[in-house]
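Note that the structure is predicted; figures quoted are calculated from it, not measured.
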Amino acid sequence: MKIGMGTKIAATVDVDQSAPELITIGNNVWVTRGVMLLCHQRDLSQYEVGKPVMDCELIYKPIVIKNGAHIGIGSIIMPGVTIGEGAVIGAGSVVTRDIPPYCVAVGAPAKVIKTFEK
């Protein structure tokens, strides 16, 4: 993992152990308790009825959390996501897509509910 200056990561954050080098966290980020940072998931594009899902290959994609972002308690950040500078992710959110800078995103899947002007 690449972690910037002034960043705080709670002791109970679950970091993807299969590819931590794919995670980049900027400066002055807060990653709170119970957050999961996942860089891999099953490729279900070839999944078929009767086939074990564990036979599907894994896809690996990076996670980038930009400067000043805040990741709320119990959130899950999925592979391939970039969280913009100063963005706030609400507690328990599941982030499946990029989140723009200076906004609040909540829910499963996470959606922007408020934006801030610089």
Enquirer: Which pairs with one or both residues in residues 6-15 pass side-chain hydrogen bond (donor to acceptor under 3.5 Å, both in side chains), sequence neighbours excluded?
Expert: none
Enquirer: Write down the atom of S75, the atom of G92, and the distance for their closest heavy-atom approach.
Expert: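 Of all heavy-atom pairs spanning S75 and G92, the closest is OG-N, 3.6 Å.
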Enquirer: Are V88 and Y102 linked, directly or through other ILVMFWY residues, by side chains that come within less than 4.5 angstrom of each other?
Expert: yes
Enquirer: When rounded to the nearest 0.5 angstrom, what is the spacing between CD in Q46 and NZ in K51?
Expert: 6.5 Å
Enquirer: Are I63 and V13 grouped together when hydrophobic residues (ILVMFWY) are joined by side-chain heavy atoms under 4.5 angstrom apart?
Expert: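 I63 and V13: one cluster.
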Enquirer: Who are the side-chain contact (heavy atoms from CB on, under 4.5 Å) partners of V106, not counting sequence neighbours?
Expert: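 Expected list: S93, V104, I113.
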Enquirer: Each residue besides L22 in its hydrophobic cluster should be listed here, by chain and number; the cluster joins Ile, Leu, Val, Met, Phe, Trp and Tyr at side-chain heavy-atom distances under 4.5 Å.
Expert: L58, Y60
Enquirer: If I take atom CD1 from residue I83 and atom CD1 from residue I65, how far apart are they, to the nearest 0.5 angstrom?
Expert: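 Going from the CD1 atom of I83 to the CD1 atom of I65 covers 4.5 Å.
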Enquirer: Give a yes or no answer on whether the side chain of N27 reaches the backbone of N67 with a donor-acceptor pair at less than 3.5 Å.
Expert: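 Side chain of N27 to backbone of N67, a donor-acceptor pair under 3.5 Å: no, none is there.
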Enquirer: Taking all atoms of both residues into account, what is the closest heavy-atom pair of G84 and A69, and its distance?
Expert: O-CB, 4.0 Å
Enquirer: How close do V94 and A108 get, counting heavy atoms only, and between which atoms?
Expert: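 So the minimum-distance heavy-atom pair works out to CG2-CB, 3.8 Å.
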Enquirer: Atom CD1 of I77 and atom CD1 of I23: how far apart are they, to the nearest 0.5 Å?
Expert: 10.5 Å
Enquirer: Between the main-chain N or O of D55 and the side-chain N or O of E57, is there a donor-acceptor pair closer than 3.5 Å?
Expert: no
Enquirer: Can you tell me how far NZ of K66 sits from CG of D98, rounded to the nearest 0.5 angstrom?
Expert: 9.5 Å
Enquirer: Mind checking whether E21 and K2 have side chains closer than 4.5 Å, heavy atoms only?
Expert: no
Enquirer: Report yes or no: do V81 and V15 belong to one cluster of Ile/Leu/Val/Met/Phe/Trp/Tyr joined by side chain heavy-atom distances under 4.5 Å?
Expert: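 Yes.
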Enquirer: Who else is in the cluster with I59 when I, L, V, M, F, W and Y are joined by side-chain contacts under 4.5 Å?
Expert: none
Enquirer: Throw together a table of side-chain donor-acceptor distances under 3.5 angstrom for residues 28-44, partners on residues two or more places apart or in other chains.
Expert:
| unit_1 | atom_1 | unit_2 | atom_2 | d |
| --- | --- | --- | --- | --- |
| T32 | OG1 | I71 | O | 2.6 |
| T32 | OG1 | G72 | O | 3.4 |
| T32 | OG1 | I73 | N | 2.8 |
| H40 | ND1 | D16 | OD1 | 3.3 |
| H40 | ND1 | D16 | OD2 | 2.6 |
| H40 | ND1 | S18 | OG | 3.3 |
| R42 | NH1 | M54 | O | 3.3 |
| R42 | NH1 | C56 | O | 2.7 |
| D43 | OD1 | S45 | N | 3.0 |
| D43 | OD1 | S45 | OG | 2.7 |
| D43 | OD2 | S45 | OG | 3.4 |

Enquirer: How would you list all residue pairs meeting side-chain hydrogen bond (donor to acceptor under 3.5 Å, both in side chains) that involve residues 104-116, not counting sequence neighbours?
Expert: none
Enquirer: State, with a plain yes or no, whether a side-chain heavy atom of P62 is found less than 4.5 Å away from one of T24.
Expert: no
